[in-house]
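Below: one structure, written as structure tokens.
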Amino acid sequence: MPLLDHLNPEQLAAVTLPNQHALILAGAGSGKTRVLTTRIAWLVQTGNASPAGILAVTFTNKAAREMLTRISAMLPINTRGMWVGTFHGLCNRMLRAHHRDAGLPQLFQILDSADQLSVVKRVLKSMNVDEEKFQPKQVQWFINGAKEEGKRAGDVEVYDDFSRRMVEIYAAYDEQCRREGLADFPELLLRCFELLSRNEVLRTHYQSRFRHILVDEFQDTNRLQYRWLKLLAGQGNVIFGVGDDDQSIYRFRGANVGNMADFEREFKVENLIRLEQNYRSHGNILDAANALISHNRRRLGKNLWTAAGEGEPVRVYEAQSDGYEARWIAEEVQSLVREGYARSDIAVLYRSNAQSRVLEHALFTAGIAYRVYGGLRFFERQEVKHALAYLRLLANPDDDSAFLRVVNFPTRGIGARSVEQVQDAARGAGGSLWAAASSLTGKAGTAVGAFVKLVAAMRENARGLPLPEVVDHVLHASGLLDHYKTEREGTDRIENLEELVNAATAFVRDELPTGAALAAVDQAEAAAAPAAPAEAPDPWLAAFLAHAALESGENQAGEGADAVQLMTAHSAKGLEFHIVFISGLEEGLFPHEQSVTEEDGLEEERRLMYVAVTRARTRLYLSFAQTRLLHGQTRYNVASRFLDEIPAAVLKWLTPRGGKLFGDAAAWQPAPAPLRLAAKAERSGPGALPFRIGQNVNHPKFGVGVIVSAEGSGADARVQINFGRQGMKWLQLEYAKLTPA
DNA sequence: AATCCGTCTATTTTT
DNA sequence: TAGACGGATT
């Protein structure tokens, strides 16, 4: 079967497994997506499954899209009947189809994290809660955490006044969302889970439909997602899970690697296949990765190998400072480009976003085009959010969040007190702001009345128009375009607003089968759903709004440009590059200092490093700096322990190793102590200190460290030394047996 | 309604 | 150090 050509034995075994639960441990670069998509194609082609019997779930829209594209290339069928999408996308699809059973309005709106935060703030205000004690972010975190545990406010355990109040806030928040017809991200999951567990008819319907459930990135699932899968699997359906416990780097947002082991145990998985052949990296890079990850205790176990040669050694560079490190990277990039590498083949990775600054500066100075990942996405821009708020108000007048966002934007003389009046009236009547505003201003002439009339007119004029024209009408009628025309920096914003019309056009054209749009279609075919009401609101508008919330859009323009790629190690997951720089390999930074106090934190950092290392195809650079400016202070760091965990045999030090004079000594200059600290040390008297600030020293018990500061003189002389993982210590010079390292 | 100023904070992120 | 945010000012 041509479908199965060019698969290696393990991939082939995985693809052609019988209809039983399976867990595929897919190492980095082992052809995971290929196995997943070929498995689906194989199931359909052999008649083991019908397209409609397949549900495949991923974490990102990008991954879902990629899967659909590849399946379409392998199978000459319409992939429409297949449910391929993100957890949130699929839940949204199900909730739209059964909104009545789920207790949601047909046009419920989806809150992204920022929207959710503003609802939380609003609730806190209305409850007169001290925002110092109950910080909105923390409340949001609490609510989402509870939802991901499958708990409603009534299910959360209360152990003190604080948690009691927290639960009250949670309850009030959920009530507010219900009133406004809103669902936040975890709500989509939880609501869908509750729908299926409470409604036997629906559960049976979907259980008998999705005979094959395929899960991508199993290690990233949270508890609720796992339970959702279990529920859908029922007794007879088959789960095909693909994941890599060594690449689990999202525990901080609820991912639970333990789900893999639980799956294996609870489903009595007998088919466990390891994909260990790596098609991405050269041998030395894999050796480095394998050795590094072998320091983790809790693993399912896996060792990557490659048929490619060992390739180049892993290059290591020690810089005096973060600035020097960045400059060196820029120079190296320049010579690579001269060698013929495309800039886009090169990635510079770092642990935290703050590090991008120096790198950007160096690249900019060197005149190298670069692109930074992260930052504001298209649908998160304020002008786009404003436009979407008008659209939301058209679709659902009860959406107070949308109302508040645009009631006075562009400014139309509705001040805080007018808004408060409306809010009071709404509270009194138990209705929405929109309802209160319309009844309050029966006699027009007031500013609020004008706003109500404006939106009502917009709704009327938009009725029956195709989606892009609805968007276009709203942009004009709302005054958003005029507003940004008068603003100094408004040109970009206007472009984005015009882009929103394009997005709507593209949305209608492509019907993005990964999620939202199909909801409208499902509605008709949903077995258990009652007939749609005669005067259905524009399903396209609702679908587009869901799309905007679920898929926040490209990070930035310039996607395809030939530029060096700058990103965090987290964002690099799933990508690959010919050349990879991992910068800032210092204790406290990578591994991050906050991680050592967390349970299993260090192992997660190591997995993150493993992810970073395995992004490289042909060449990998590791670099660190002796000093780094952090929060406006110079920090003296020691090299990351991760460097020690990579076998010396695969490393090639470009600078003398560990400060000792190895190799090309001329290339290495001792770090000059920053002036401020040097002066402080000098105050203790000339000759008092046989050591220099910033110097590497050896301590018989604590090992190698860096002198960070000093005080006192003579017998009182003390030095502060950063021993990295041993921590920061003050040592009395007289007693401490320090030797230069 | 826009601007200024002081205060606070500072891992990682998708949906 | 710098950037974001909230409150007070103009």
Side-chain angles (χ1 to χ4, degrees), chain A residues 57-64 85-93 110-117 121 125 131-132 135-137 141 144 147-148 183-190 192 216-217 220-222 224-225 248-255 322 349-358 373-377 379-380 408-416 483 486-488 514-516 546-553 555 567-574 584 588-598 601 604-605 607-609 611-612 628-635 676:
Chain A
V57 63
T58 63
F59 276 88
T60 64
N61 293 297
K62 196 174 156 204
T86 63
F87 279 99
H88 295 86
L90 297 178
C91 287
N92 174 54
R93 190 169 168 180
I110 299 169
L111 296 176
D112 67 21
S113 309
D115 297 334
Q116 182 188 27
L117 192 62
K121 283 181 184 162
K125 273 219 184 73
E131 290 200 15
E132 290 279 279
Q135 292 170 0
K137 277 259 172 59
W141 186 80
N144 290 349
K147 289 190 180 186
E148 278 165 13
D184 56 50
F185 285 132
E187 181 71 27
L188 293 174
L189 265 302
L190 180 54
C192 187
D216 190 18
E217 309 273 23
D220 286 340
T221 52
N222 64 31
L224 183 56
Q225 287 159 341
S248 164
I249 55 172
Y250 284 118
R251 209 186 37 156
F252 70 91
R253 66 176 199 211
D322 49 353
L349 311 185
Y350 36 82
R351 174 65 236 268
S352 56
N353 286 307
Q355 289 167 254
S356 76
R357 196 168 272 281
V358 233
Y373 274 59
L376 268 198
R377 315 257 284 273
F379 287 112
E380 292 167 358
N408 196 32
F409 194 95
T411 48
R412 43 177 76 90
I414 301 176
H483 171 83
T486 61
E487 207 177 58
R488 285 160 300 166
T514 51
H547 165 74
L550 288 173
E551 187 161 10
S552 29
N555 261 328
M567 66 189 86
T568 62
H570 281 92
S571 337
K573 189 171 165 226
L589 198 63
F590 201 176
H592 198 278
E593 56 190 347
Q594 305 236 32
S595 71
V596 292
T597 52
E598 291 165 23
E604 177 125 332
E605 292 289 302
R607 290 192 288 268
L608 183 58
M609 178 68 183
V611 167
R628 184 172 294 276
L629 209 54
L630 199 65
H631 310 326
Q633 282 190 321
T634 307
R635 303 238 317 207
R676 199 165 52 81

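Atom set for the values below is all heavy atoms of this structure, side chains included, hydrogens, waters and symmetry mates excluded. Chain letters run A, B, ... following the sequence lines, proteins first, then strands; residues in each count from 1.
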Aromatic-base stack, A:Phe252 on B:dT11, cutoff 5.5 Å, angle under 30: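 One would not call A:Phe252 stacked on the B:dT11 base.
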Aro-ring/base stack A:His570-B:dT12, d under 5.5 Å, angle under 30°: no
Most 5' of A:Ile414 and A:Ile249 on DNA chain B, judged by nearest nucleotide: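 The residue closer to the strand's 5' end, by nearest nucleotide, is A:Ile414.
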A:Gln225 vs A:Val57 side-chain heavy atoms within contact, under 4.5 Å: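 When only atoms from C-beta onward are counted, A:Val57 and A:Gln225 do not touch, as no gap falls below 4.5 Å.
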Less than 4.0 angstrom between a side-chain N/O of [X] and OP1 or OP2 of [N], yes or no?
| X | N | result |
| --- | --- | --- |
| A:Thr568 | B:dT13 | yes |
| A:Asn353 | B:dT13 | yes |
| A:Arg357 | C:dG3 | yes |
| A:Ser571 | B:dT12 | no |
| A:Lys121 | C:dC5 | no |
| A:Arg253 | B:dT15 | no |
| A:Asn92 | B:dT15 | no |

Rounded P spacing from B:dT12 to C:dC5 in Å: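 After rounding to an integer number of Å, I get 15 Å for this pair.
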Distance between P atoms of B:dT13 and C:dA2 (Å, rounded): 22 Å
A:Gln355-A:Ser352 side chain donor-acceptor pair, cut-off 3.5 Å: yes
Please work out if [X] contacts a base, only the sugar-phosphate, or nothing of the nucleic acid, heavy-atom cut-off 4.0 Å.
| X | result |
| --- | --- |
| A:Glu598 | base |
| A:Asp115 | nothing |
| A:Tyr250 | sugar-phosphate |
| A:Gly413 | sugar-phosphate |

Whole angstrom value for the distance that separates [atom2] of [N] from [atom1] of [X]:
| X | N | atom1 | atom2 | value |
| --- | --- | --- | --- | --- |
| A:Lys137 | C:dC5 | NZ | C1' | 10 Å |
| A:Leu349 | B:dT12 | CG | P | 14 Å |
| A:Leu117 | B:dT15 | CG | P | 19 Å |

Exam field: side chain A:His570 to backbone A:Ile249, donor-acceptor pair closer than 3.5 Å: yes
Per A:Thr411 side chain, nearest of listed nucleotides B:dT12, B:dT15, B:dA2: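 Selected nucleotide (nearest to the side chain): B:dA2.
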Polar side-chain contact A:Ser113-B:dT15 base: donor and acceptor under 3.5 Å: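 Indeed, a donor on one side and an acceptor on the other fall under 3.5 Å apart.
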Pair A:Arg351 + A:Glu605, salt bridge at N-O below 4.0 Å: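 So A:Arg351 pairs with A:Glu605 through a salt bridge.
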